[in-house]
Colleague: 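Encoded as structure tokens, here's the structure I'll be asking about.
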Amino acid sequence: MIGFYTLWKREMVRYLKGSLDTIAPPIISTILFIFVFGLALGSRLGAVGEFPYIQFMLPGVMMMSVIMNSFYNPAYSVFQSRWQGNIADFLASPLSYSQMAVATILAGMCRGMIVGLIVLGAAFAFTSLPLAHPGLMALYLVLVSLAFASFGCIVGLWTKGWDGVNAVSIFLLDPLVMLGGVFYSLEMIRGVPILEVLTQINPFTYITGGFRYSLLGIADTDPFVGLGITAMLGVGLLLASIALFWRGYHLKH
Amino acid sequence: MKAERIAISFQHLHKVYPNVLAVKDLTLDIQQGEFFGLLGPNGAGKTTSIQVIAGLVKPTSGQVIVNGLDAVRDYRRVHRMVGVMPQEEVLDSWFLSVREILVYNAGYFGIPAREAGRRADELLERFDLGEKRSAKVSELSGGMKRRLLLAKALIHNPEILILDEPTAGADVALRRQIWQLMSELNAQGKTILLTTHYLEEAERLCERVAILDRGELLAVGPPAELTRSSHRDFVEIELASSAPRDLKLPGLNYTVENGKLRLAGTLEDEHVLEVLNALAREGVKISAIHAERARLEDVFLEITQGFRK
């Protein structure tokens with residue numbers, strides 16, 4: 001376990017030492033979202049159900065920051081170690097391939113959850129949230145960060161350059177998150193062509209909806225469907241990451 | 001040879017990269033406690049062969065057995081026994097200090113933090129890096145980086161040390177320092193597998209060497225034996241007076257030209273004595289003697305060039 005702990009610690013130290021570059025930017029951008037969409041525009045959008053727009057939006061914004069930070073940490077770290085060559089330190093050690101994958105993913109999950117909780121704390125500076133189901137919220141945080149840290153690990157192994165990580169974020173994650181009900185409810189887009197269909201078939205809608213339920217106690221999707229999707233993604237992508245490490249995908253010649 | 005047990009056994013190791021045959025059916029045993037050299041020009045397959053042990057290359061077929069364990073199947077146990085110093089200056093340099101690099105590497109090998117710190121401090125002092133313990137890798141000179149790489153390979157006190165071109169690019173002083181360190185480690189009982197371009201290094205340090213080219217093993221043996229088999233020793237005797245025309249030195253390959261008698265081939269001391277006695281008997285005076293043993297470099301060139309033809 002010392003080897004596993006050391007690798008996890010290395011991954012944590014990697015982003016905590018550069019926290020001005022890693023932790024601060026997502027927090028600042030999330031606060032800007034809250035400020036612009038929640039406070040400036042929210043008052044004109046009125047209430048969504050029984051909640052003012054800013055309260056409705058916050059769980060989605062928090063989820064977005066958890067997803068992105070969980071994803072970026074292992075994606076950049078794994079690619080950086082491959083690119084720099086110091087991945088050999090892990091590969092030539094007695095760490096098992098599953099320990100390498102899980103330690104990397106766990107550190108990504110920690111970053112996602114740290115940023116998510118800071119955003120939640122910051123949100124209380126602007127408004128209040130009922131925290132309707134804290135246990136479910138914690139479960140969502142763990143499973144969402146597991147799924148996207150595992151996905152980041154896979155992308156870090158797959159990519160041939162830094163741009164690959166950004167491309168996956170821009171072409172895949174951003175559209176899924178933006179069209180996943182972060183800023184609107186299904187009711188608000190009822191009848192809007194394309195957007196309604198895209199939102200309804202997007203699994204992120206159920207993840208965001210479920211997480212919103214855990215915080216606010218209201219949902220326009222079944223929170224347990226969202227939980228099931230998140231759990232399946234989490235476990236599936238974790239196993240896929242371990243399998244890729246085991247195969248030495250882009251690690252061994 | 002210091003021990004009977006085999007430390008590393010390459011068994012029909014074969015590695016093909018897309019369109020490139022890197023290692024061809026390599027079968028070779030290295031004994032425990034041995035100082036062994038893998039020699040060969042660029043692209044000979046030296047690094048690929050040792051990277052199989054380090055878990056960085058998957059063999060196409062064949063296997064490498066380390067102290068009785070398969071390097072691929074039992075990689076975790078094999079890695080505990082092996083320290084690898086890579087050819088490139090690859091260090092986890094971005095956010096860790098010199099000391100932290102060693103401590104973290106010890107951690108990957110399951111060494112508790114306190115013991116890891118103690119070993120790191122000891123190695124930093126031993127390798128003259130004590131003053132740089134808090135520095136970043138970017139602040140180190142090339143020689144310091146090489147010493148740090150060696151310290152990193154030793155942090156878990158491995159039985160087997162694999163050094164891939166450890167003195168490449170090192171200046172004379174550093175090269176001698178690394179030679180000294182390697183000799184000390186071997187004297188402590190560690191098996192050392194060295195790859196090198198520097199034949200002088202192999203000749204000076206290795207008990208046995210293997211010569212590889214284009215993935216094929218061409219020769220194995222102690223450097224002295226390989227050089228003896230090359231028949232390239234050379235002795236030149238400058239004559240102060242002319243040699244008699246009917247001078248006979250049976251069984252020796254020699255020429256007399258411009259007042260110089262040249263002997264070539266595999267020459268033992270008695271051969272030279274025999275010639276000197278024959279010249280003395282004939283009353284020929286000698287003004288100088290130059291002798292040159294065949295060097296590993298000659299053997300290496302002979303073998304690899306012969307192979308390429």
Side-chain angles (χ1 to χ4, degrees), chain A residues 1-23 73 76-104 107 111 156-157 162 242-253, chain B residues 15-18 20 22 47-48 50-60 71-72 74-97 100-113 115-116 137 149 152-153 155-156 158 162 164:
Chain A
M1 280 312 279
I2 293 173
F4 174 82
Y5 167 74
T6 307
L7 182 53
W8 170 79
K9 187 176 155 197
R10 178 212 177 260
E11 294 294 305
M12 295 291 285
V13 168
R14 194 191 76 88
Y15 71 80
L16 289 175
K17 270 199 180 172
S19 51
L20 259 182
D21 301 325
T22 54
I23 305 272
N73 203 66
Y76 278 134
S77 180
V78 170
F79 176 66
Q80 187 177 39
S81 292
R82 280 174 52 215
W83 178 68
Q84 216 172 242
N86 64 282
I87 196 96
D89 286 353
F90 321 139
L91 293 173
S93 78
L95 283 163
S96 72
Y97 298 118
S98 49
Q99 283 179 323
M100 289 178 214
V102 173
T104 308
R111 173 166 160 186
L157 289 170
W162 299 107
I242 293 171
L244 290 177
F245 262 92
W246 186 261
R247 275 187 51 200
Y249 174 71
H250 285 183
L251 294 173
K252 295 186 182 190
H253 301 295
Chain B
K15 177 64 188 178
V16 185
Y17 292 117
V20 181
T47 299
T48 300
I50 61 174
Q51 282 187 336
V52 173
I53 305 170
L56 304 176
V57 165
K58 288 186 277 192
T60 306
V72 174
D74 298 310
Y75 68 99
R76 297 183 68 186
R77 289 164 73 189
V78 166
H79 291 174
R80 275 187 202 286
M81 296 187 257
V82 177
V84 182
M85 178 182 174
Q87 199 177 130
E88 287 95 18
E89 283 163 6
V90 172
L91 289 157
D92 200 353
S93 56
W94 185 59
F95 57 94
L96 298 178
S97 70
E100 283 170 332
I101 285 173
L102 294 181
V103 170
Y104 274 79
N105 269 278
Y108 304 147
F109 282 86
I111 298 164
E115 172 63 10
V137 169
L149 284 168
K152 188 160 77 75
I155 192 75
H156 58 292
I162 297 177
D164 195 3

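Just so we're on the same page: letters track the sequence lines, and every chain starts at 1.
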Colleague: Can you give me the closest heavy-atom contact between B/Arg76 and A/Pro94, atom names plus distance?
Modeller: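 B/Arg76 and A/Pro94 have their closest heavy atoms at NE-O, 2.7 Å.
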
Colleague: Do any N or O atoms from the side chain of B/Lys152 and from the backbone of A/Asp89 form a donor-acceptor pair under 3.5 angstrom?
Modeller: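 Judged by distance alone, no pair lies under 3.5 Å.
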
Colleague: Taking side chain as everything from C-beta outward and backbone as N, CA, C, O, which of these in A/Phe4 sits under 4.5 Å from a heavy atom of chain B? Side chain, backbone, both or neither.
Modeller: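 A/Phe4 has no heavy atom closer than 4.5 Å to chain B.
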
Colleague: What do you reckon, is NZ of A/Lys252 surrounded by more than 12 foreign heavy atoms closer than 6.0 Å?
Modeller: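 Atom NZ in A/Lys252 is packed in, count exceeds 12.
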
Colleague: Where is the tightest heavy-atom contact between A/Trp246 and B/Tyr75, given as atom of each residue plus distance?
Modeller: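 Here A/Trp246 and B/Tyr75 meet closest at CZ3-OH, 3.8 Å.
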
Colleague: What part of B/Glu88 gets closer than 4.5 Å to chain A, counting heavy atoms only: side chain, backbone, both or neither?
Modeller: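 For B/Glu88, no heavy atom lies under 4.5 Å from chain A.
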
Colleague: Chain A contacts: which residues in residues 78-87 of chain B have a non-hydrogen atom closer than 4.5 Å to it?
Modeller: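 Hits under 4.5 Å: B/His79, B/Arg80.
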
Colleague: For chain A, which of B/Ile53, B/Thr48, B/Leu56 has the most heavy-atom pairs under 4.5 Å?
Modeller: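 Going by pairs under 4.5 Å, I would pick B/Leu56.
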
Colleague: Heavy-atom count check: over 12 atoms from other residues, nucleotides or ligands less than 6.0 Å from A/Tyr5 OH?
Modeller: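 No, because the 6.0 Å sphere around OH of A/Tyr5 holds 12 heavy atoms or fewer from other groups.
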
Colleague: So, for A/His253 and B/Lys15, which heavy atoms are closest and what is the spacing to 0.1 Å?
Modeller: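 Taking every non-hydrogen atom into account, O-NZ, 3.2 Å.
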
Colleague: What is the distance from atom CG of B/Leu91 to atom CD of A/Gln84, rounded to the nearest 0.5 Å?
Modeller: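 It comes to 9.0 Å.
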
Colleague: Name the region of B/Phe95, side chain, backbone, both or neither, that has any atom closer than 4.5 Å to a heavy atom of chain A.
Modeller: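 Contact with chain A: backbone and side chain both.
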
Colleague: Using a heavy-atom distance cut-off of less than 4.5 Å, which residues of residues 101-108 of chain B contact chain A?
Modeller: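 Heavy-atom contacts from residues 101-108 of chain B to chain A are B/Tyr104, B/Asn105, B/Gly107, B/Tyr108.
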
